[in-house]
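One structure is given here, and the rest of the page talks about it.
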Number of protein chains: 2
Amino acid sequence: MNRNGCPIGTETGIAVPEPDNKKLKKSSMRWSPRALPTMDDVAKVTGFSQMTVSRAFLQSAPIKEETRKRILKAATKIGYYHNKAASSLASQRTRAFGIILPTLQDSIYVSFVDAARQVFEDQGFDHLLQTIDYTRGREMHAIGSLLSQRARAILLPSIGHTPETRKLLQTLPIPMIEIGNIPSHPIHYAVGHSDADAGYLATRRLLEIGRRNIGIICGVASETSNARSRLRGYCKALEETGFEIDLKLQAQVEHTIESGLAGLDRLLKANAKLDGIVIGGEIWTSAVILRLLASVRRIPDDIAVVGIGEVELGPYLPVPLTYVALPRREAGTKSAELAVKLIRGEDVSEAVIKLPVTLVIGGTA
Amino acid sequence: MNRNGCPIGTETGIAVPEPDNKKLKKSSMRWSPRALPTMDDVAKVTGFSQMTVSRAFLQSAPIKEETRKRILKAATKIGYYHNKAASSLASQRTRAFGIILPTLQDSIYVSFVDAARQVFEDQGFDHLLQTIDYTRGREMHAIGSLLSQRARAILLPSIGHTPETRKLLQTLPIPMIEIGNIPSHPIHYAVGHSDADAGYLATRRLLEIGRRNIGIICGVASETSNARSRLRGYCKALEETGFEIDLKLQAQVEHTIESGLAGLDRLLKANAKLDGIVIGGEIWTSAVILRLLASVRRIPDDIAVVGIGEVELGPYLPVPLTYVALPRREAGTKSAELAVKLIRGEDVSEAVIKLPVTLVIGGTA
DNA sequence: CTGTTAGCGCATTCAT
DNA sequence: ATGAATGCGCTAACAG
């Protein structure tokens, strides 16, 4: 900082700094590959045998603590990194789990991944992250990649398996742990919640505060299982209270904000007396609320709104969001713990772990 | 769907479905591990030698197309998956790149990762994703993990290397490609943009529409290099126009919405005539704009706002966002292409690829 | 185009 | 607690 309170540094603008790197031949910017040291190299340096060096890197091997320290120090010094390919080939196993995510896009799975990662790391395991971006074809690709890397188990979203895929997944040699909406017939194991419960809880809230014309915006039921489940919970709540199901109150939309807003417009146009909305997906929540406010509807006076799933902006919206919280983080922890137990050959009491969804009351309903 | 337009399915509620899995002993839910087939197994089934099976899985190996097809079909049938550990051990190389992300949280890096992944996949490479959640200690952990997996190059954010880390990174045996704000002294290679340019462009816009008391909300300059750069660009624009730098117009805040809003409040309190704000981070953008509107300021009439970085909600805010777009996706593509070229031993013309930032004009400024 | 031989870097098993 | 021999599953280099 200079006295004006602004950082001192290179000029802003067109100038681009030159790298000052010794391993780059200045003239040609070509990278010269270098081979990494092996355990034999570390052995030679320390005077121990290759086997003892190996022991220094293993979890529980008989080795004197001082020896281990000496070896690890020497290894660091010469730039040795434990070769996992060789290690897992020799030991006939890896210490890695796979995680498949539908998308990185709407950061829904962030807390899930974070929680799972923490468990794996604490237990000395790696995790291999794959994304499929809601593309069916990429799911098998991701699984293939993880199996090629000999992941010990795979955590994957429960959404969107076709019956054929499901059959194929059944036969896989490692445990598949489905996350999110618990499927009616899990492949192997499942950890998550019931999206039907979530839809039910959201709709119940609106009914309880006296709403009678309740619409829902959600994904396309024929395509995604969680949209199907949320819609089912919505219908159940309505029917329980003696309301008729009205298709005009359902907007099944694509997974984009634009599409969600179009769905909202359809709902408003087709239902003059609309007084409640369930927003069945984080991606649409903020935009729908802002659009409602922009159209001079008061929330919750004119229209009450309940979201499904937490959104970061929720507490900072003009009216703080009322929503059904889904147990993402807990699912991450529980599923990772389950995975670890399984590959340890431990007995697990349940193949399905169902976590509760909870209503968080803000100001929108 | 039934005639009422709602999905038919299992009851909502407490009931949890039982898995119908043959590989699970019903009584104990314990997983029985199975060994995966090897190339020898495939060889036996097809009648070819193990080496020919190997060729069927190699990128460019002399093998009759019909033979390859037969082998691949048999492999699929018996559930063989190419063993990457053995493969890379034998071939003395992997086909994997590492990507390190600061966080999955604010989905800033989604388009970057997506673009990079696409390049890698097209070229037949894997990618290994690691997250460090802005924690310094985890960076070396992530790099170590990637080196253990023998990644051929690493794409990593340019933010937040301490001088010591930087020195260590210099000596690594594989190319490090820094992404995002281009550092003044890249470790090896860098692909990205200038955050100083971004700050400059945002501030210029506010000056050009006649604003005279322009504040900035950004990260803590002493901690993150991109906050430092953005602040520098902001100062440069002001000084160019002959304005004094005023510390009261700078809010350096933590990477949370809460903290950003507190910063906004400080700016408003300390500067009665504040008529422009640069929001130097996606995480704060939507919340700051909503708070301004809630406090009965008109945008842009009372206060004009320019964001740095695109936000998904931008077009759907009460006033559509004016912002400086950062080349995330292009950086993903370019950096992945660079990585591939490097490990192919190809010559690259530049060690630093600087991509332009552009002003996208909405309604907030 | 296909088969044979050797060995990648490490962990297992058995010695000491 | 340490070392020696052996082989994990695959690919490189050669032969045919």
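Since the structure is predicted, the reported quantities are computational estimates derived from the model, not experimental observations.
- Between Asp40(B) atom CG and dC10(D) atom C1' the separation is 10 Å, expressed in whole Å.
- Remark: C1' of dT2(C) and CE of Met39(B) are 15 Å apart, rounded to the nearest angstrom.
- Rounded to a whole Å, the CG atom of Leu58(B) is 12 Å from the P atom of dA13(D).
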Point to revise | Worked verdict on Ser145(B) versus Ser148(B) for side chain to side chain donor-acceptor pair (under 3.5 Å) | key: CA-CA 5 Å; Ser145(B) 173; Ser148(B) 281; over 6 Å; no
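- The stretch residues 144-153 of chain A has no heavy atom under 4.0 Å from DNA chain C, so no residue of it qualifies as close.
- Listed in residue order, the members of residues 68-83 of chain B having a heavy atom less than 4.0 Å from DNA chain D are Tyr80(B), His82(B), Asn83(B).
- Considering only side-chain N and O atoms, Ser49(B) lies under 4.0 angstrom from the phosphate OP1 or OP2 of dG3(C).
- Between Lys334(A) and Glu350(A) no salt bridge is recorded (no basic side-chain N to carboxylate O distance below 4.0 Å).
- Aromatic ring centres of Tyr81(B) and Phe57(B) lie farther apart than the 6.0 Å criterion allows.
- Shown here for Thr333(B) and Ala115(B), the closest heavy-atom pair between the two residues is OG1-CB, 3.5 Å.
- Note on Ile63(B): only backbone sugar-phosphate atoms sit closer than 4.0 angstrom, heavy atoms only; bases stay farther off.
- The distance from atom CD of Gln50(A) to atom P of dT12(C) is 12 Å, rounded to the nearest whole Å.
- Residue Ser88(A) places no side-chain N or O under 4.0 Å from the OP1 or OP2 atom of dC8(D).
- Counting only heavy atoms from C-beta on, Ala86(A) has its side chain closest to dG9(C) among dG9(C), dC1(C), dG9(D).
- Atoms NZ (Lys84(A)) and P (dC8(C)) sit 22 Å apart, rounded to a whole Å.
- What you find for Leu72(A) and Ala56(A) is that their closest heavy atoms are CD2-O, 4.0 Å.
- Residue Thr67(A) places at least one side-chain N or O closer than 4.0 Å to OP1 or OP2 of dT2(D).
- Counting non-hydrogen atoms under 4.0 angstrom, Met51(A) reaches a base of the nucleic acid.
- The side chain of Gln92(B) places no N or O atom within less than 4.0 Å of a non-bridging phosphate oxygen (OP1 or OP2) of dG7(C).
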Practice item. Go through the steps for Gln123(A) and Arg344(A) under the test side chain to side chain donor-acceptor pair (under 3.5 Å), then give the verdict. Key: CA-CA 11 Å; Gln123(A) 313 267 354; Arg344(A) 290 210 174 118; 3.1 Å; yes
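- Separating the CG atom of Leu36(A) from the C1' atom of dC8(C) is a distance of 14 Å, rounded to the nearest angstrom.
- No side-chain donor-acceptor contact under 3.5 Å links Ser88(B) and Ser91(B).
- Here the CD1-OG1 distance, from Ile63(B) to Thr52(B), works out to 6.0 Å after rounding to the nearest 0.5 Å.
- For residues 42-70 of chain B, the set of pairs meeting the salt bridge (charged side-chain N to carboxylate O under 4.0 Å, His left out) definition, not counting sequence neighbours, comprises Glu65(B)-Arg68(B), Glu66(B)-Arg70(B).
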Using nucleotides 14-16 of chain C, report all nitrogen or oxygen pairs with the protein that are shorter than 3.5 Å.
none

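- What separates CD of Glu65(B) from P of dC1(C) is a distance of 10 Å, to the nearest Å.
- Under the 3.5 Å distance criterion, the side-chain polar atoms of His188(A) are matched with a main-chain donor or acceptor of Gln170(A).
- Counting only residues at least two apart or in different chains, salt bridge (charged side-chain N to carboxylate O under 4.0 Å, His left out) contacts with residues 108-122 of chain A comprise Asp114(A)-Arg117(A), Asp114(A)-Arg329(A), Arg117(A)-Glu121(A), Arg117(A)-Asp133(B), Glu121(A)-Arg138(B).
- OP1 or OP2 of dT11(D) sits under 4.0 Å from a side-chain N or O of Ser87(B).
- Phe97(B) has its ring centre no less than 6.0 Å from the ring centre of His127(B).
- Applying the salt bridge (charged side-chain N to carboxylate O under 4.0 Å, His left out) test to every pair with at least one member in residues 81-99 of chain A, sequence neighbours left out, gives these pairs: Lys84(A)-Asp126(A).
- Distance Glu66(B) CD to dC1(C) C1': 13 Å, rounded to the nearest Å.
- In the set dC1(C), dT11(D), dG9(C), dG9(C) carries the atom at the smallest distance from any side-chain atom of Leu89(B).
- At least one side-chain nitrogen or oxygen of Thr52(A) sits closer than 4.0 Å to the OP1 or OP2 atom of dG3(D).
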